[in-house]
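Side chains are part of it too, since the values below use all heavy atoms of this structure and drop only hydrogens, waters and symmetry mates. Start at 1 and go down the list; that is how both ligands and their atoms are numbered. Just so we're clear, the structure is a prediction, and the values are computed from it rather than from any experiment.
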Amino acid sequence: MPLRSKIIGTGSFLPDKIINNSDLEKLVNTSDEWITERTGIKQRRVVSKGESTSDLCLEASKRALQAAGMEARDLELIIVATMSGDMPMPATASILQHGLGAKHAGAFDLNAACSGFIYGLSVADNFIKGGTFNKVLLVGAEVNSRFLDWKDRKTCVLFGDGAGAVVLTSTKGRSGILSTHLHSDGKLWDYICVPGGGASHPPTMKTVKEGLHYIKMRGNETFKVAVKTLEKLVIDTLKANNIKPSELAMLIPHQANLRIITATAKRLNLPMEKVAVNLEKYGNTSSASIPIALDEVVRDNRLRKNDNVMLEAFGGGLTWASALIRW
Ligand code: ACO
């Protein structure tokens, strides 16, 4: 039996504060009808004053550790996938490590925008398969609301805050992570970016005035690339594992746009009952969207032992990634 990694616990946490589409109608020239039709989103959660990314990570991680029956002090590695960490330095993973009391764990952040959770899953999987670590915590967490221009209707209606976490360990059975697939095209980096605040444009009065610290997105161009790319990605992922679309029990896609999700499901011939969708409640929570959806699916008992589950995501970078898991 090959050595594999396996998810043994999931958890998620969403901040309490809800912003409905009707609330956004008061901020920008938009409508519930436009947002619902073009994206599928009805509401999103946002943090309150004093709440930050590491706080969301901590709650989601505690829930995942509890589900796994593991103590924080047993963890060997913590990875936080995020593009909206507490601060540029140190890593949010370090703040989480302290909060959890995970004294023996190494900790780092990983940024692949909305594909971050699957990139992190691939890193964790390879550390475990290679025998370096046996108990890994992976979190996808975002506080996008602090990087949104609430006067820009093209972005502020799309994103939300939240965190999802998984605990992984090694296994020798048939189940576990079968494969991960990572891709990028940096030529299109400016399709989705936060141009200011880094070394290229360090924060000055001018960069702040110009709003360079906000998320910018060329939505329609991104949409077209996403649909085409994801259709190929999901088919390639099944082929790599010799699995037919009909053998797939569940698709857990990144939650950016319902039209992108349904196009991917259609390509796989999957009925929507087999697709995890929660973007109507949370919007696009970037690297948190897949682990939040996975946690909901697990807690709703929608997965059976040995079910084939596919994760897929597309986002800034541009990056795209998938994973096939035998549950
Ligand atoms: N309310 C009302 N009208 C709006 C809004 C709004 N909130 N936003 C844009 N519009 C208008 C535009 O101004 C445009 O008007 P015009 O025709 O008069 O110029 C019209 O609606 C159509 O705009 P499009 O951008 O072409 O609309 P589209 O149907 O493409 O939907 C959306 C936009 C929802 C952003 C879609 O393109 C999308 O989901 N893109 C992909 C996003 C994605 O997958 N990103 C990757 C992950 S994110 C990450 O990695 C951080």
With sequence neighbours left out, what residues match [X] under side chain to side chain contact (heavy atoms under 4.5 Å, CB included)?
X	answer
Arg45	Leu14, Pro15, Ile18, Tyr282
Ala141	Thr53, Cys57, Val139, Ala163
Phe147	Ser84, Ile215

Would you please write out the protein residues whose heavy atoms approach any atom of ligand 1 to under 4.0 angstrom, listed by chain and number?
->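 Residues near ligand 1: Asn29, Thr30, Trp34, Arg38, Thr39, Met83, Ala113, Cys114, Arg153, Lys154, Val157, Leu158, Phe159, Ile192, Met217, Gly219, Asn220, Thr222, Phe223, His254, Ala256, Asn257, Arg259, Ile260, Asn284, Phe314, Gly315, Gly316.
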Answer yes or no: is there a donor N or O on one side and an acceptor on the other, between the side chain of Asp236 and the main chain of Leu233, under 3.5 Å?
->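 It does not hold such a pair.
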Should Val46 and Leu148 be counted in the same cluster of Ile, Leu, Val, Met, Phe, Trp and Tyr side chains packed under 4.5 Å apart?
->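 Same cluster.
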Salt-bridge criterion met for Arg44 and Glu280 (N-O under 4.0 Å) =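 Glu280 and Arg44: not salt-bridged.
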